[in-house]
Structures are given as C-alpha cells and as structure tokens.
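In this text the structure is predicted, and so the values were computed from the model without any measurement. Note that these values count all heavy atoms, side chains included, but never hydrogens, waters or copies made by symmetry. Residue numbers run from 1 in the order of the sequence given.
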Amino acid sequence: MTTASSGSTPVRRETFNSRRLFILSAIGSAVGLGNIWRFPYVAYENGGGAFLIPYLCALLTAGIPLLFFDYAIGHKFRGSAPLAFRRLARPAETLGWWQVLVCFVIAVYYAVIIAWSSMYTIFSFTKAWGDDPEKFFMGDFLKRSDDVTVSMDFVPGIVIPLIIVWLVTIGIMVAGVGKGIARANAIFLPLLVVMFVILVVQSLFLPGAVDGLNAFFTPSWEALGNPAVWAAAYGHIFFSLSVGFGIMVTYSSYLKRKTDLTGSGLVVGFANSAFEILAGIGVFAAIGFMAHASGTAVADQATGGIGLAFIAFPAIVSEAPAGQLIGVLFFGSLVFAGITSLISILEVIVAAVQDKLGAGRTFATMVVTIPMAIISIVLFPTTTGLYVLDTVDAFVNQFGIVAGALVAVIVVLWIYRKLPALRDHVNRISSFKLGGFWYVLAGVVSPIVLAYMLITEVIAKSSESYSGYPAWFNGVFGWGMSAALIVFAVLLSFIPWSANSKLNNDPEFDAIRDSEDADASAYTKGGQR
C-alpha cells in the first residue's frame, strides 16, 4: 500500500472477505459495555418485563430503520463517513467529520474502561478488593481525588494496562479490515458469547437467583403509560446498535457490491438484542443472589453502569460459590466486548484519514491512534480521570450521537431528499425490501424521537450542574466539548482533499457507480420500483 506522499496510485479499498465476517464485526461493534452493564438496569428501572414492549417497538421502528439508513449510505457511496456524505452532497461532508470527532472523543475514554476491566479480571483470582469493593475501587484502585479538576497525578496500576490496551488495539487496526478487524471479531465475539453463557448458567444456580429474575422480568404495566419509559427504550436502542456516529456507515462501505444489506441488518439488530436479554438474565440472577446473601431486597442491590461492574459485581464475586470463576468470566466479557467496540470506533477515524489523504493503512492508523493513545494516557489514568470520563461521556453521547443522528436524517431526507435513492439501492441487492413505511420510520418517527431526547437532555443539563461538578468543569468537558465537535467538523470539511484521496482518485467507485446506474435503469424498466 502507498501513502499520500508516495505517488498517484490510489490505495485499493479493503473489503470484508464474506458477509459472515461483516455480520460478526457489526455485532461485535453493537455488543459493547452498555449491553452488559446498562441494559439490565435500564430495563429493571423502566417497568421490568413490561419494558420489553417499548424496547421491541424502539428496535423495530427506529433502531433497525436507522441501521438500514447507515448501511445504505456507506454501501452506496463506498466511503468513510466524511467521504460518503460528501458524495451524497458536498455540504454534507461536515456531518461525516462530526461523526468522526464523536468517535475520537469516545475512543480516548473507552480504552481506560477496558483497562479497568482487564485489571479486575486479574483481581478476581484473589478477590483483591477485600470486604469493601467501593472503597477499593474509588480509593485503592482509582485513587480518586476529592477535588473535581484535572490533575497529572498518574496511577501506575491503570497507566500500564491502558498502554497495553492501546498496543493491542493498534496492532489490530494496523492489520487492516480483513486480517485485523474481521479476524479479531471472529475470535473475540465467539469467546465473549461462550464466556457469558457460562456466566449466566453459573449465576442461575446461585441461591436467590430466582428472586433476581422475578425482579427483572415481572412486568410493571403502568410504566407503559410513562413517556420517559418509552424515551429510555429508544435512547438505549440508539446507543446500543452503534447507529448515528459513522460506525455502520464505515463498516458497510467495506462490503462487496452484491450484499444483502437488510438481511444482514436484521441479523445484527436481533443478535444484539438477544445478547442484551441474556445479559439481563445473568446480571439479575447474580444480583438476586447478593440480595439473598445480605438479607436485603433486590431493589437495594440493583444498580447499573460503573457501579454495577466495579462495585456491585465484585461484592457478588466475594460471596458466591466459585466466585473467582464468575469474576473472571464477567470482567473477561467486559474486556472482549470493549475491544470489539473500540476497534469499530477507531475504524471510523482511520478510514476517514485514509480516504482524505489517499493514505496507506499503516500510515493512517499511526497518524490517528498514537495521538489518541497519548491523550487517553494523559487524561484518564489519573486521580481525576473518573470525573473527566463521567462528564465527557454524559455530554458527548447525548449532544454528539443524538444530535448528529438527528441532523443527518433531516439533511439526507428533508434537505437533499436522498431517501428514495437509498431505498432503491438497498432493494436492488437485499432480500427484505424497503417500502414507503421505511420513509415514515426513518424520516418521521426517528427524527421526532431523537428531537425529544435531545430537547429533554438540554433542559435537564441546563437546569442544574451535572453531577454537582463545578460550572467551569462542565463548561469545558461537557458543553465546551460538545460545541467544539461541531466547530472542528466544519473546519475539517474545508481542508482540501488530497489529489490522491478517494474523492479525487477512486476508479473503483467510478466503475461501481457506472455499473449501478445501468442496474438502476434496468431495475426501473423492469417495473420493480
């Protein structure tokens, strides 16, 4: 492969060797940390078993339609997010860079959570957290400062595993789409599933497991009348399926020309949801045991996010029979789920740099990942790293992913009116055909839900200081970071594309476009529209 400076020969675009490897990689991206530590608690808090109704509605009316939307853009325009949106309409390139920058920010803090999980996998063998997992996590492990600020007081026990996470991830990214990303997912995803199934089976035989499952599945039907429950379902689906921030646009651009897009999307969507329900069973069976062992109610033990993973679960491991095995399986699952998601996030950025510069894989990977690794290592394995992580995650996820997805749908459908062309592209090669109902779901239902989520979050975060942090801290790492993404996205879109870039020198895309124009003509004459 060549780099941008090595001449005018374009770099051939990589592809997934098979549809199966694409599906594995897409599932690997979707199945991340949130599936394990977020979904069970969200479901429990929003109606238990009754939550599955709005969850399924959200999957079918917004999640999968937007998944098809991303697939169509990436596959039709054969490029990273900036290139694909640029080919769709020149001013839309900014949307692609917005998604790239969202991925940049997420990746730099996502890596440190994988580093925590890797250390806790080791800690599980000896139950190193002792009798007080919360004190151990916040004090002995993170050495969290009482001051909400930015310090350079590094914690060696986090710095070292974080460096290892970045080295492993960079190695996968350098290897490329086929030999790196696809192969990693082909190894890690089956391991993740096997480990988690063993964890679930082990948890189901714990005393009190039935109580946990009853708490998780018992429906609270009155919750269905609460709009916040439906918003929670839609919000979780958007984040869980990796839609709206460039990942599926990028991955679908690596598919071969004749690939069943909708069939693949349905497999990815339902496989992701199946894993989430499996995670709910395993997590709440374990929480039921903890409630039984401590003589408390399940409600007193139920929690989500970092609290579930690094405080509640270690307490379960300490009390459970074969606790070391449960700990290794749980935290090992977090590591594998985190890595498969992290490489998909990084690929959005690497692919954008490759396309913009016409650069080779190794060059683009190093240009992207080394600065990101440095930022990650400087900001997060410190005594104040948790505060930065918490704030950036809360703001960038809402005002980056949600706002970006909303603007993308409005621009593509309502401004440039490209949805019919995207639908025709998908229908020519897919088993499950998209009709007018997809227009309604992707172009009306999804924007309404996204707008509701965005407005609700703006009001909530404007009314009071997030987590009680100082105004300047939220201003810099919350509001400021969210605004900076848009500003830098605009600036990046004004940078000229290299003469050797995919925009200016891509005979493969030109040939495919000409061929697809001929196919479209025949398709229309055949009366199949």
Q: The test is side chain to side chain contact (heavy atoms under 4.5 Å, CB included); show your working for Ile287 and Tyr44 and say whether it passes.
A: CA-CA 12 Å; Ile287 289 175; Tyr44 170 74; over 6 Å; no
Q: Quick one: closest heavy-atom pair of Gln324 and Val317, and the distance?
A: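 The answer is N-CG1, 4.2 Å.
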Q: Side chain to side chain contact (heavy atoms under 4.5 Å, CB included) between Ile306 and Asp390: does it pass, once the steps are laid out?
A: CA-CA 10 Å; Ile306 290 174; Asp390 182 32; over 6 Å; no
Q: Between the side chain of Asp355 and the main-chain N/O of Gly79, is any donor-acceptor distance below 3.5 Å?
A: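 Pair absent, no side-chain N/O of Asp355 close to backbone of Gly79.
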Q: Nearest 0.5 Å, please: how far is CD1 in Ile106 from CG in Leu346?
A: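 That separation rounds to 11.0 Å.
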Q: Applying the side-chain contact (heavy atoms from CB on, under 4.5 Å) criterion to Leu329, which one of Leu199, Val200, Val194 satisfies it?
A: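 Among the candidates, only Leu199 passes.
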Q: For the pair Asp393 (side chain) and Leu389 (backbone), establish whether a donor and an acceptor sit closer than 3.5 Å, ignoring hydrogens and angles.
A: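 Judged by distance alone, no pair lies under 3.5 Å.
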Q: Rounded to the nearest 0.5 Å, how far does CG of Leu454 lie from CD of Glu457?
A: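 Result: 8.5 Å between the selected atoms.
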Q: Is a side-chain N or O of Tyr251 found less than 3.5 angstrom from the main chain of Glu347, in a donor-acceptor match?
A: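 No; zero donor-acceptor contacts below 3.5 Å.
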Q: Got a donor-acceptor contact below 3.5 angstrom from the Tyr110 side chain to the Leu33 backbone?
A: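 Yes; judged by distance alone, with no hydrogens or angles, the pair exists.
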Q: So does Lys356 pair up with Glu93, basic N to acidic O under 4.0 Å?
A: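 A salt bridge is present here (some side-chain N lies under 4.0 Å from a carboxylate O).
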Q: Hey, what's the ring geometry for His236 with Tyr55, parallel, tilted or perpendicular (30° and 60° as the breaks)?
A: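 The arrangement is tilted - the two ring planes meet at 30° to 60°.
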Q: Could you state the interatomic distance from CZ (Phe284) to OH (Tyr41), rounded to the nearest 0.5 Å?
A: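 Result: 8.5 Å between the selected atoms.
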Q: Would you kindly say whether Asp70 and Ser252 are connected by a side-chain donor-acceptor distance under 3.5 Å?
A: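 Note: Asp70 and Ser252 side chains miss the donor-acceptor criterion.
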Q: Please report the closest heavy-atom contact between Ile158 and Pro381, naming both atoms and the distance.
A: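 For Ile158 and Pro381, the tightest heavy-atom pair comes out as CG2-CB, 3.6 Å.
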Q: Report the C-alpha separation of Phe85 and Trp97 in whole Å, then their side-chain angles, then the decisive distance to 0.1 Å, and conclude whether the ring pair (Phe, Tyr, Trp, His ring centres under 6.0 Å) test is met.
A: CA-CA 9 Å; Phe85 279 105; Trp97 288 113; over 10 Å; no
Q: Can you measure from OG (Ser240) to CZ (Phe39) and round to the nearest 0.5 angstrom?
A: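 The distance works out to 8.5 Å.
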Q: Restricting to side chain to side chain contact (heavy atoms under 4.5 Å, CB included), what partner residues turn up for Lys143, sequence neighbours left out?
A: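 For Lys143, the residues satisfying side chain to side chain contact (heavy atoms under 4.5 Å, CB included) (neighbours in sequence not counted) are Val155, Thr383.
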Q: Please give me the minimum heavy-atom distance between Thr94 and Ser493, naming the atom from each residue.
A: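 Distance-wise, the nearest heavy atoms are OG1-OG, 3.1 Å.
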Q: Applying side chain to side chain contact (heavy atoms under 4.5 Å, CB included) to Tyr71 and Val268, what does each step give before you reach the verdict?
A: CA-CA 12 Å; Tyr71 283 2; Val268 172; 3.7 Å; yes
Q: Judged by atom type as modelled, is there a donor-acceptor pair below 3.5 Å linking the side chain of Arg361 to the main-chain atoms of Met173?
A: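 Looks like yes, one N/O pair under 3.5 Å.
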Q: Suppose we screen for ring-ring contact (aromatic ring centres under 6.0 Å, His included). Which residues come up paired with Phe69, at least two apart in sequence or across chains?
A: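 Counting only residues at least two positions away or on another chain, Phe69 forms no ring-ring contact (aromatic ring centres under 6.0 Å, His included).
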Q: Angle class for the Phe477/Phe473 ring planes (parallel below 30°, perpendicular above 60°, tilted otherwise)?
A: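 Answer is tilted, since the angle falls between 30° and 60°.
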Q: Yes or no on side chain to side chain contact (heavy atoms under 4.5 Å, CB included) for Tyr120 and Phe330, after CA distance, side-chain angles and deciding distance?
A: CA-CA 9 Å; Tyr120 265 69; Phe330 178 77; over 6 Å; no
Q: Do Ile172 and Ile339 come close enough that some side-chain heavy atom pair is under 4.5 Å?
A: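 A side-chain contact exists here, since the closest heavy-atom pair is under 4.5 Å.
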Q: Distance check, rounded to the nearest 0.5 Å: Ile377 atom CD1 versus Thr382 atom OG1?
A: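 These two atoms lie 12.5 Å from each other.
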Q: Please check: side-chain N/O of Ser498 versus main-chain N/O of Asn500, any donor-acceptor pairing under 3.5 Å?
A: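 Yes; at least one donor-acceptor contact below 3.5 Å.
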Q: Does the plane of the ring in Tyr234 sit parallel, tilted or perpendicular to the ring in Phe238? Use 30° and 60° as the thresholds.
A: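 Rings of Tyr234 and Phe238: tilted, 30 to 60°.
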Q: Which atoms form the tightest heavy-atom contact between Ala309 and Pro314, and what is the distance?
A: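 That would be O-CD, 3.3 Å.
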Q: Please confirm whether the backbone N or O of Ser29 pairs with a side-chain atom of Ser341, one donor and one acceptor, at under 3.5 Å?
A: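 Side chain of Ser341 to backbone of Ser29, a donor-acceptor pair under 3.5 Å: yes, one is there.
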Q: Measuring from atom OG1 of Thr369 to atom CE of Met366, what distance do you get when rounded to the nearest 0.5 angstrom?
A: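 Result: 6.0 Å between the selected atoms.
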Q: Phe123 and ring pair (Phe, Tyr, Trp, His ring centres under 6.0 Å): which single residue from Phe313, Phe310, Phe136, Phe331 fits?
A: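 One option only clears the test, and that one is Phe136.
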Q: Below 30° counts as parallel, above 60° as perpendicular, anything between as tilted: where do the rings of Phe395 and Trp479 land?
A: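 Ring orientation of Phe395 relative to Trp479: perpendicular.
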Q: Locate the shortest heavy-atom distance separating Ser145 from Thr384; write the atom from each residue and the value.
A: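 In this case the closest contact between Ser145 and Thr384 is CB-CG2, 3.9 Å.
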Q: Could I get the full list of side chain to side chain donor-acceptor pair (under 3.5 Å) partners for Ser203, not counting sequence neighbours?
A: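 Result, side chain to side chain donor-acceptor pair (under 3.5 Å) vs Ser203: none returned.
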Q: Check whether Ser253 reaches the backbone of Thr250 with its side chain - one donor and one acceptor, N or O, closer than 3.5 Å.
A: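 Confirmed, Ser253 side chain pairs with Thr250 backbone.
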Q: Could you tell me whether the side chain of His75 and the main chain of Val249 form a donor-acceptor pair under 3.5 Å?
A: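 Side chain of His75 to backbone of Val249: no pair is present.
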Q: If you define the side chain from C-beta out and look only at heavy atoms, does anything of Leu21 sit under 4.5 Å from Asn185?
A: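 In short, these two side chains do not touch, never coming nearer than 4.5 Å.
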